Each structure stands twice: as C-alpha cells, then as structure tokens.
Amino acid sequence: MTRYLMKRILMLIPLMVGITLITFSVVHLAPGEPVEMQMAMNPKVGKEARERMRKFYGLDKPLAEQYVTWVGKLARLDLGRSFSSDNRPVRDKIAERLPITLALNIIALVLEFGLAIPIGILAATHRDTWLDKGITVFVFVGFAVPTFWLALLLMYLFGVKLNWLPISGLHTLGSDSYGLLRYVGDMAKHLCMPIMVASFGSLAGLSRYMRSSMLNVIGQDYITTARAKGLSERVVIYKHALRNALLPLITQAGLAIPGLIGGSVIFETIYAIPGMGQLFYQAVMARDYPVVMGIVIIGALLTLIGNLVADVCYALADPRIREGRGVQ
Amino acid sequence: MNTVRRFRLLFPALFLFVSACTQAPAPPRGGAGVVKPAYGDALVEGTIGDASTLIPLLATDSSSHAVAGQIYNGLVKYDKNLKIIGDLAQSFAISPDGLTITFHLRRGVKWHDGAPFTSRDVLYTYHVVIDPKTPTAYAEDFKQVKGIVAPDDYTVRVTYGAPFAPALASWGTAILPAHLLEGKDITKSPLARAPIGTGPYRFKEWVAGQKIVLESNHDYFEGRPWIDRYIYRIIPDTSTMYMELKAGAIDMMGLTPVQYARQTTGTRFTSLFNKYRYPSSSYVYMGYNLRHPLFRDKRIRQALTAAIDKDELIHGVLFGMGQKAAGPIPPGRWAYNPNVRDIAYDPKHAAELLAQAGWREKNSDGILTKDGKPFSFTILTNQGNQQRLLTAQIVQQRLRYVGVDVKIRIVEWATFLKEFVDKGNFEVVMLGWTTTPDPDMYDVWHSSKTNPGELNFVGFKNAEVDRLLVEGRSTFDMEKRKKAYFRIQEIMADEQPYTFLYVPDALPVVSARIRGVETAPAGIGYNQIKWYVPKAEQVY
C-alpha cells in the first residue's frame, strides 16, 4: 500500500509542472492586460501611467521571465500579489474567502449525498413504480432548472413575499452584537437558500448514479443467494448491497473535493456570498493574473489530491486494486 | 471623460456629476407635521462591487472612489450647481495670467486620528502622485505643475507652465495624510484597508465582499453629519439588490428604467421610498470609423443620423427616461450650446443624402448599392450591456428602412478594446462616455489622439476643432471657453463623427425615512451630511 501511495504521489510532480505551464499560458493568452482593464478609456491616463503600472506589476518583463518568477514563488508557497489596486497578497485574498466557500460546499455536499443516497436506493428498490417515476421527474426538474432562476424565485418567495428568510449576504446588519447562539442561527438562516440551491442541481446526477449502481448490485448472484437464504429485504439491501453500491460514489466524492474550494459564480453572485467563485470571476474579468493562477493551481492540486484520495479509498475498499490485480 | 463600460458600475459617480432638469421627488412621508432633524440611524447603500483600496490615489474602480469620497476631502469640490468651490481650501485665487493658483487652507481641520491638517499634506499628496514609483492613474494633470510651494502651514501656491483650465478641478483629488504616509511605501500602507481622512465619515469596518461600515465624524469641519453610520452592502447582482431594497434591507440604489417605470409604482413601494430622476452625466453614441471608406463622406454620416429616430430609442430602451443627445456636452451644462440644431429624424432626407453620395440603386434585398457593392456594415458593441444591445437592434431596423444593412456584433470588453477599438479594426462602435463637469474633451477629439490605444479612436481630424480644444483648456476665462466649446458643438453637429444618441436619466431611489434629500444639477449626493432620519423613524 505504501509503495502504491508513493508511486501515486511522485506522479503528481510532473503533472503539477505541466499544469503551471498550461495555466500561465492560458491566462496570458486571454486578450487584455490587467493594466488595460483598469485604465482603458480613461482620458486622465497617459501612456506613461500605463507603462508605470506595467512595470509595477512586472508585466514589462519577457513572458518566460515572468513564468520563472511566478513558479519560483509558487515553489516557496507564495502566490504573489494581486494585480488589482489593492495589491494584496493572493494568499490573503484566498484565505479570507475560502472558509465560507468551504463551509458552504461541505454542508451542500453532505446534504447532496445525504439525500441522493436514500433517493437512489428508494428509486432502485421501487424500480418502475410510480414512486421511481416521481423521483425521476423531481430530480430532473432540479437538474434542468437554471440556478439563477431558481435562486431568484426562492428569494422572491421566502425573502420578499413571506419574509421568512434573509435575501442575501451572510449576516444581518448589527449581528456582531448578538450572542453566539443567535449569531449562528442568523448565519444559518442566511445560508438556507444558497445551500438549497447549491444542492438541488447536483441531486439529480448523484441520485441517478446511486440508483443505477444499486440496480447493478441487486442484480448480482450474491444478492440472489442472500435472498435465497431467507434474509429480510432490509438486511439484503442495507447490509449486503449498500456497501458495494456505494463504491462508485467514492469516486464522485473524491471528484467533489476540488469543487469544495471552487465555489459557484452563479449562486455566490446572486446571494452576495463573498466566496471563491465570486473572487475567481472578478479576477478573470479584471485579468488579475496572480489571483486567477493561484485559484487555478489550488483547484488543480485539489483535483489531483481528490483523485488520489478516491483511488486510495478504492484500494482500501477493494484489495484487488492495491495488489495490482484489477477488477475482474 | 470615462467610458460607460458598465453603466451600473458607474452609478455612484453619477450621483456626483449630473446636470440640470431635475424632477422633484414626492413630498417626504411621515405625516404633515414638522419633523425635526435628529442624529442617529444608518444609511445602507447597495453597491455592485467591493472596494479594492481606500487610498483613492491607487484606486481605479468606482466602488472604491464612492467609499473614499466619504472619508477624504480634496482642496476643492463641485457645489450643487457644479461650480468649483473650496473644500479643504477655505478659498483659492487664480493669478491674472492664469499661471498660479494659491490655495488658502482651512484652519482647525483634523485628520480622523486627531492630527492637524496642514499644507504639508498637500505637498505630500502632490509629490506622491507624480512619483514614478507610485502606481497611480491620476498623475497626468499634476504633471503640468511647474512648481509647488507652501509659504506657511495654511497656504499652498501652485505654478503652471501655461494656463491649464482643468488644473483647478484636478485639486479635487483626495488629500492624503502626510504624517502617516511620508517615507513609507504607499502600496503597502495599512491605510488601504483602514483609511484615515478628513471627511464627514470615518472608517470603522470592512468585511471583504460583504460590507464597509463608516461612522460619522463628529468633528467634521462642515458640521457633524446627522446620520451616524454609512454602510455599503456589497451585492453583486442587481436583481438581488432590487429585492433587498423591496424587503427594506437597503435604503438606496439606482434603478433601471424598467424598474423605475413598471416595478416600483405600487402604493406600498411609493409609501416606503422616494424615487428621483434627472439627466445623468453620460451619453450613448454610435461612432463611425472615419478611416473606413464608407464613412469618409460626411453626407453618409448625416444620412445615418437622419435615419435614426432618437425618440423611439428613448421610448423603447429607456422607457422615456432620457433625452436626445446632439453633441458631446449634455444639456444643462454651462458649456452646452442650446442653439445647435440636431439632425432631425427624416428618412426621406436620409435617402436624399445617401443618393447624393452615390447610393441610389437598391438590390433585390432592398439594400442600397454603389458600384455593385451593398451598403452594409457592422455595429460593434461590448458584452453585458443590455441597453446598448437594444439600441443597436432598433437602429438596425431603422437603417433597414432606408436600405442600409446593419449587422450587430457583441464582443467581450477586453477583446473589444484590444482587438477592435485599439487597432481601429471596426466600422461602427456603439459605446457611451461619462462626462466630467469640466467640458475639456481634448483627449477624445484632438487629432493628436488618434494613435492606437488613444481615445480618438474614430480618427476625427479637424484643424478648427484642434485649435478650439487647445483654446478651451488654456484659459480660465469662462466666456472664452464657452465660445470655444459652443463652436466645437456646431462643428460636431455638422461633421457627425458620432451619431450622438441619448443621455439616459439617473434613477436613484432612497428610503422615505431619510429626509433632506434634494435634487440639484449635481444630483442628490451633494448634501448628504444634511440628510437625517426623524427620531421616531430610526431603525438602526
């Protein structure tokens, strides 16, 4: 197992180098420079001012030199400074946005899996019944409805019409003076709608995945054997079938790890949640290279780690994989 | 002038620079009895973007400037009628030759940390702006300064090499605290996140991406603001902001024409909010690439203007909330020439002009042709501006009536600038400009500004306009300037390098509990420190 793990970790190094190169190239290939985005169409800005800014950001140097400088900093875990007017360290900018995106996505993820697994099981065990069909329609509606539209509908209903939930943001103004319990409650109220919206869309795919995985497992011989032994359907499904049916979902969970920090541009913008999605979007629009590259690199690293975690989990769950025999 | 790239982003600026023709709001609610001003409460304003830095010298975004505008003062400012008056300067004097400006500073003004404001702060601000190491966008006007001296703590004398009319307004720039910044790297100063100014509000708290909280400066030299706290809530989506307004969670925002005309007319809304409406300081135009053979003949440009019904655009795109533009200076400004005759909507006249220019025959599609080539061009505009897209679509229909085939192309902003505008690689662009109260427009219209990346990207060259632009900016004599800019507008009306389309209205809405809001040529923001909420109606 250790050898397997080491091999997988060593493979990450060339991959990361490739990723930095691609990220740097793609970001710099996009038309428009940060200086231009800040100063274009402003009569008060002369050529000299633009040059001054380019020099300040190091954009006057050859691309290769810029790349080496950036990678050098990256190797020392320094993501550089933002090209926006605040010129703050990218690390600080990401750090102040990360906790909220992370918390939001973990809650949404738990909710997604927590709902998708029973929904999938229910649909599989009641295959082709009205319940199965009803669930299918429900999850596909969730899949098809555009996030922004659903978000606005919910806001109007719960925020404006019923006045049950706050419309946007994370806290009520003045919540700083609340006691801990009230403060947490206030935040939970603010997060209700965004989490609902964030989970609803992914529910469809995940529950269908669970359904087909469960159907696949309950068609296996050992399930027939278990049933023939006279075990109750409950024991057959939840003790014998569930563990194997969950295996493919491990990959899904692993792949969801990078998504945890990525955030969603749409619901973060609509619900005014200052998360990573919003930061990334703003950085792209402003051509804030260090921020864009920083987020992409962290995302890429997490994707690789996510894959690694999924593979390790698989190897742990299935000895044939870690022994290199493969699934037969 | 600044481009109206994202009109909604520039909203805060519109508060500052608006022209006349205001419409009074409904009378304040809260009963017929006399309401007394009272200290307290908070004003919550919705803003699309978070600030980037609260050192205004380094900021290039409107959100930062809007917040910093409450914290800092300049030496001068525009009053309600857009006239330059002293701010941190008690008074100022311009020498008869127009080369020297002497500022007499207010005494007794204190920075928010208690330090006294003196001429040292002005000198520091000047020196840091022109320092090549400072990454600022605002050095240009100050480079005209030949010398600056401070004979004492409360006098600053600035000398210019030649009279430069925009110079006075340039001293409206925020003055920074020398005692906190001198000898330090301004780009790494903690003041970027926790500013110290002299303004009516002092910085209290900034929660990135969520809110910026300011509290009133009780020692403000113009008097303590009545409203105790000014809170900017960052809400990046306009629909969300509008719902927050309806739910009463924000007190102030700018409405879109459709929101103003259709969605805020119910009695519930009108009892809770006052809507305001006045011409904004911007205009939308169609700019012709004058290097392109199709648009070299001014009769063509005149014909295209005559074929466009500007009233229809205002009605269809702005729900009637705007006015026709006839030139680069919005109506109501002192430099606006009311005698300039705009080319009226007249498709017949348009057809005649086109025929005179050789476009007589129509092909089987009904498109005018000349030497076998159809009259066809593309209007290029930027992505993310629905108003401009609608405008382009209506223009397309109108021009089709006179036999001109128009295609519309929407391009992302950075690509739009880099690949098309900067390289002169376009036929017609649809864009907008935000105008400053000073009419100087040298950078947009002078023939020396037609190089790639410069603002006269349509390539307009006119010797008389060149001369008048120089004349207009090199004298402080209002009458001489007026004469120059009046003539420029006459030439523009004849030359039609742009088809000036419309001046949209600014449409702010403010909670009815907030009293003292008045419209003026400068908009509604000029007397904000006098806004108040009666004790009985305070909610925060």
Side-chain angles (χ1 to χ4, degrees), chain A residues 30-33 35-50 52-53 55-57 81-82 84-88 92-93 96-97 100 148 151-152 155-156 159-160 163 166-174 176 268-275 278-279 281-282 285-287, chain B residues 1-3 5 42 44 49-53 55 58-61 64 132-141 143 187-188 192-193 205 207-211 231 233-237 239-241 243-244 246-247 249 412-415 417-419 421-422 431 433 441-444 453 455 540:
Chain A
E33 266 193 356
V35 171
E36 223 171 295
M37 301 306 289
Q38 286 176 28
M39 298 181 157
M41 297 291 200
N42 186 343
K44 297 287 174 203
V45 181
K47 272 186 182 160
E48 200 210 318
R50 286 182 199 219
R52 183 195 288 204
M53 293 290 257
K55 202 171 166 196
F56 180 73
Y57 292 138
R81 282 179 171 269
S82 164
S84 80
S85 327
D86 60 5
N87 195 230
R88 293 173 67 212
D92 291 2
K93 286 185 119 170
E96 76 193 2
R97 304 244 177 184
I100 182 63
F148 74 92
L152 288 175
M155 268 181 187
Y156 187 69
V160 180
N163 203 15
I167 291 170
S168 70
L170 288 175
H171 306 284
T172 305
L173 286 175
D176 311 0
E268 284 185 4
T269 302
I270 291 181
Y271 285 109
I273 293 168
Q278 220 188 76
L279 179 69
Y281 178 72
Q282 286 161 358
M285 294 319 280
R287 303 293 190 273
Chain B
M1 289 185 180
N2 266 330
T3 194
R5 182 173 81 191
V44 186
D50 198 358
S52 57
T53 170
I55 297 179
L58 305 178
T60 47
D61 57 301
S64 300
K133 287 203 285 292
T134 308
T136 180
Y138 310 107
E140 214 65 27
D141 283 347
K143 283 201 200 121
T187 63
K188 296 191 173 69
R193 306 294 291 176
E205 187 191 12
V207 186
Q210 295 183 53
K211 62 176 179 180
I231 302 168
R233 271 195 62 194
I234 296 126
I235 306 171
D237 184 79
S239 309
T240 306
M241 203 191 284
M243 278 198 245
E244 287 280 25
K246 281 196 123 173
E412 187 266 340
W413 180 247
T415 315
L417 288 179
K418 195 171 169 77
E419 301 300 323
V421 174
D422 285 355
L431 273 175
W433 287 109
M441 46 183 138
Y442 181 89
D443 294 278
V444 177
L455 298 183
Y540 290 103

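A quick note: this is a predicted structure, and the numbers were derived from the prediction, not measured. Chain letters run A, B, ... following the sequence lines, proteins first and then strands; every chain starts at 1.
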What's the verdict on side-chain contact (heavy atoms from CB on, under 4.5 Å) for A/Asp176 and B/Glu205, showing C-alpha distance, side-chain angles and the deciding distance?
CA-CA 11 Å; A/Asp176 311 0; B/Glu205 187 191 12; 3.6 Å; yes
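- With respect to chain A, the highest number of heavy-atom pairs below 4.5 Å among B/Glu412, B/Lys418, B/Glu419, B/Met243 belongs to B/Met243.
- Nearest heavy atom pair, residue B/Asp237 against residue A/Ile270, reads CB-CA, 4.1 Å.
- Residues B/Lys246 and A/Ile167 have side chains not in contact (no heavy-atom distance under 4.5 Å, counting atoms from C-beta outward).
- From A/Asp92, atom CG reaches atom CZ of B/Arg193 across 9.0 Å, with rounding to the nearest 0.5 Å.
- For the atom pair OG1 (B/Thr240) and CG (A/Leu152), the distance works out to 6.0 Å, reported to the nearest 0.5 Å.
- Note on B/Ala51, B/Ser64, B/Ala208, B/Ala249: by heavy-atom pairs under 4.5 Å with chain A, the leading option is B/Ala208.
- Between chain A and the residues B/Val421, B/Ile55, B/Asp422, B/Thr134, the most heavy-atom pairs under 4.5 angstrom are made by B/Thr134.
- When the shell of 6.0 Å around NZ of B/Lys133 is examined, it contains 12 or fewer heavy atoms from other residues, nucleotides or ligands.
- Scanning both residues, B/Thr415 and A/Pro31, for their nearest heavy atoms gives OG1-CG, 3.2 Å.
- Among the candidates B/Gly209, B/Pro132, B/Ala139, B/Gly453, the residue making the largest number of heavy-atom pairs closer than 4.5 Å to chain A is B/Pro132.
- Your options are A/Arg88, A/Glu268, A/Glu96, A/Lys93, and the one with the most heavy-atom pairs under 4.5 Å with chain B is A/Arg88.
- The two residues B/Pro236 and A/Gln278 come nearest to each other via the heavy atoms CG-NE2, 3.5 Å.
- The minimum heavy-atom distance linking A/Gly159 with B/Ala247 is given by the pair O-CB, 4.5 Å.
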Do B/Leu431 and A/Met41 pass the side-chain contact (heavy atoms from CB on, under 4.5 Å) test, and can you show the C-alpha distance, the side-chain angles, and the key distance before you say yes or no?
CA-CA 11 Å; B/Leu431 273 175; A/Met41 297 291 200; 3.8 Å; yes
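- Note that the CG atom of A/Leu173 and the NZ atom of B/Lys211 stand 5.5 Å from one another [nearest 0.5 Å].
- Within a 6.0 Å radius of CZ in A/Phe56, other residues, nucleotides and ligands contribute more than 12 heavy atoms.
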Determine whether A/Arg81 and B/Thr187 satisfy the following criterion, side-chain contact (heavy atoms from CB on, under 4.5 Å), listing intermediate values before the conclusion.
CA-CA 11 Å; A/Arg81 282 179 171 269; B/Thr187 63; over 6 Å; no
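- Between chain B and the residues A/Asn163, A/Asn87, A/Leu170, the most heavy-atom pairs under 4.5 angstrom are made by A/Leu170.
- Contact count versus chain B (heavy atoms, under 4.5 Å) is highest, among A/Thr269, A/Leu279, A/Val35, for A/Thr269.
- Looking at heavy atoms from C-beta onward, A/Ser168 lies in side-chain contact with B/Arg233 at the 4.5 angstrom threshold.
- The part of B/Tyr540 that comes within reach of chain A is its side chain, from C-beta onward, which places non-hydrogen atoms under 4.5 angstrom from that chain.
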Given the rule in the salt bridge (charged side-chain N to carboxylate O under 4.0 Å, His left out) test, do B/Glu140 and A/Arg52 qualify, once you have shown the distances and angles that lead to the verdict?
CA-CA 12 Å; B/Glu140 214 65 27; A/Arg52 183 195 288 204; over 6 Å; no
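- Closest approach of A/Ala49 to B/Thr136, counting heavy atoms only: CB-O, 4.0 Å.
- In this structure, no portion of A/Phe148 lies under 4.5 Å from any heavy atom of chain B.
- Listed here is the closest heavy atom pair of A/Ser85 and B/Thr53: CB-CG2, 3.5 Å.
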